[in-house]
Protein chains: 2
Amino acid sequence: MRIGELSRLSGVTVPTIKYYLREGLLPSGERTSPNQAQYGEVHLQRLKLVRAMLDVGKLSVTAAREVLAAIDSPGSALHGVLGVAQSAITPRVAASDDDNWKAAEDLVTGLVAEKGWHVKPTNPAWQAVIQIMATSRDLGQDDLAALLGDYADAAERLAAAELAAIGRRSDVDSQVESAVLGTVLGDPLMAAVRQLAREDASYRSMVGEA
Amino acid sequence: MRIGELSRLSGVTVPTIKYYLREGLLPSGERTSPNQAQYGEVHLQRLKLVRAMLDVGKLSVTAAREVLAAIDSPGSALHGVLGVAQSAITPRVAASDDDNWKAAEDLVTGLVAEKGWHVKPTNPAWQAVIQIMATSRDLGQDDLAALLGDYADAAERLAAAELAAIGRRSDVDSQVESAVLGTVLGDPLMAAVRQLAREDASYRSMVGEA
DNA sequence: CACGAATAGATAGTGCAGCTATCGATATCA
DNA sequence: TGATATCGATAGCTGCACTATCTATTCGTG
């Protein structure tokens, strides 16, 4: 198919598709002449994936490019791709050195030790958790600290369930794509489901109090 | 204190503080003359809260303003404020009407019914979940659908724990602030903790396979 | 009480991200 | 054969979150 049909089928405008081509989010089609190219099912799928990452996953174009590169890298072993995908979607946060930060650091280190998690110190999520705990403490709200264990339990269970689901897929390529999608779509899904659960919990407590 | 000290104590530049004043994220100080105002502890706390919402919670200025308005509204009952805060942080997503969307809609409706959740159909999180399920289906990945129940369980447990923590606070104002912070900081926290858990799970499965 | 630094409020400008518009040289198709 | 589509390049647009500058005050220290 030509770019126009790709646009129709995907709902993405032609200029935007061109933009994605320039940005390396989409491989160029097969050349049939200097200014004609053919696109196939692969391109349509990839385009949908790109839109999912940008729209639903809220990734930046740069982060999406990194994730795609990881997916496409030749010897894409599951563990490695996951690491790259996770790095790409975690915003980097600079460490601080005030007391609050140090206390938060200890808190998180303690959690990981307690859970027996095997996590490399280079994982940017580490700093992200610390930042959030330090912020909550700075705001005089140590409630989050008390809940950290609950968050960890929930995360642990989910990770296990996800990995089990991925393991049920046969070929490695499919596993990789599934894992990446779980990583990219998982966060917004959790956020949205949490809101439903919270509304219910809040409702229950209100009724219970009455 | 004057605006300069507020800036020093908070680490936010004076022009940015002025911007927040203009945008209604920060109440103006007490006038002492036409071009002088005094700020207090309240302003410092509010400023920290604003930075937390923007930096850590990734809220837009508009969303932050809505959340603050809800906090400040006179008869701010917990349930109501939570609803507003949640609405403010959930990106609106337009419904579609293709088959994928309808299937996803049924899936989510089924989940909520099964869990017995009491959720208003106006909750934007509803559409958000549907969009994600429809997207995942469109990409040929129904793994997420299989995991939806696990997400819901995790969300339910967390919501209960959070509400219990909030209930332990004495005054209503403190409860409201705690709840809002849990809502705003909870999502990024969950996302980051999930990444730690995933790295551990991924590592375990790799070692187990060896 | 003089004078340099700070402040309020207003208006305009900056930088970045993610597109969008236009153009000229081809290519396709009714 | 002429209307429409495509390619690649370059420039422009929009929204957001600031940031800079300016004027008329006011503070605060010598």
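Fair warning: this is a prediction, and the values are worked out from it, not measured in the lab. Throughout, a chain's letter reflects where its sequence line sits, starting with A, and its residues are numbered from 1. Every heavy atom of this structure was used, including side-chain atoms; hydrogens, water molecules and symmetry mates were not.
Note: OH (A/Tyr19) to P (C/dA17) measures 9 Å, nearest angstrom. B/Ile17 places its CD1 atom 10 Å from the P atom of C/dT7, with the value rounded to the nearest Å.
Comparing B/Gln36 and B/Leu54, the nucleotide of DNA chain D nearest to each residue sits closer to the 5' end for B/Leu54. Comparing B/Tyr39 and A/Pro15 along DNA chain C, the residue whose closest nucleotide (by nearest heavy atom) sits nearer the 5' end is B/Tyr39.
When DNA chain D is scanned in the 5' to 3' direction for atoms under 4.0 Å from non-hydrogen atoms of chain B, the outermost contacting nucleotides are D/dA17 to D/dC27.
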Would you mind writing out the side-chain donor-acceptor pairs for residues 4-18 of chain A within the sub-3.5 Å range, not counting sequence neighbours?
{"unit_1": "A/Ser7", "atom_1": "OG", "unit_2": "A/Val12", "atom_2": "O", "d": "2.7"}
{"unit_1": "A/Ser10", "atom_1": "OG", "unit_2": "A/Leu6", "atom_2": "O", "d": "2.7"}
{"unit_1": "A/Ser10", "atom_1": "OG", "unit_2": "A/Ser7", "atom_2": "O", "d": "3.3"}
{"unit_1": "A/Ser10", "atom_1": "OG", "unit_2": "A/Val12", "atom_2": "N", "d": "3.2"}
{"unit_1": "A/Thr13", "atom_1": "OG1", "unit_2": "A/Thr16", "atom_2": "N", "d": "3.3"}
{"unit_1": "A/Thr13", "atom_1": "OG1", "unit_2": "A/Thr16", "atom_2": "OG1", "d": "2.8"}

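Contacts of A/Thr13 with the nucleic acid, taken as non-hydrogen atoms under 4.0 Å apart, involve only primed sugar atoms and P, OP1 or OP2. The residue A/Ser60 sits close only to the backbone: its heavy atoms come under 4.0 Å of sugar-phosphate atoms, none of a base.
Between C/dT26 and A/Ser33, no contact under 4.0 Å exists linking OP1 or OP2 to a side-chain N or O.
For B/Arg22, taking side-chain heavy atoms from C-beta onward, the closest of the listed nucleotides C/dT7, C/dA12, C/dT20 is C/dA12. Out of C/dA27, C/dA6, C/dG18, the shortest distance to the side chain of B/Arg2 is found at C/dA6.
Qualifying ring-ring contact (aromatic ring centres under 6.0 Å, His included) partners for A/Tyr39, counting only residues two or more places apart in sequence or in other chains: A/His43.
Salt-bridge formation is not detected for the pair A/Asp150/B/Arg157: no Lys NZ or Arg NE/NH1/NH2 atom is positioned less than 4.0 Å from an Asp or Glu carboxylate oxygen. A salt bridge links B/Arg46 with B/Asp72: the distance from a Lys NZ or Arg NE/NH1/NH2 to an Asp or Glu carboxylate oxygen falls below 4.0 Å.
Considering only heavy atoms from C-beta on, A/Gln86 stays 4.5 Å or farther from B/Arg194 through its side chain.
Remark: the A/Arg31 side chain and the A/Gln36 side chain contain no N/O donor-acceptor pair separated by less than 3.5 Å.
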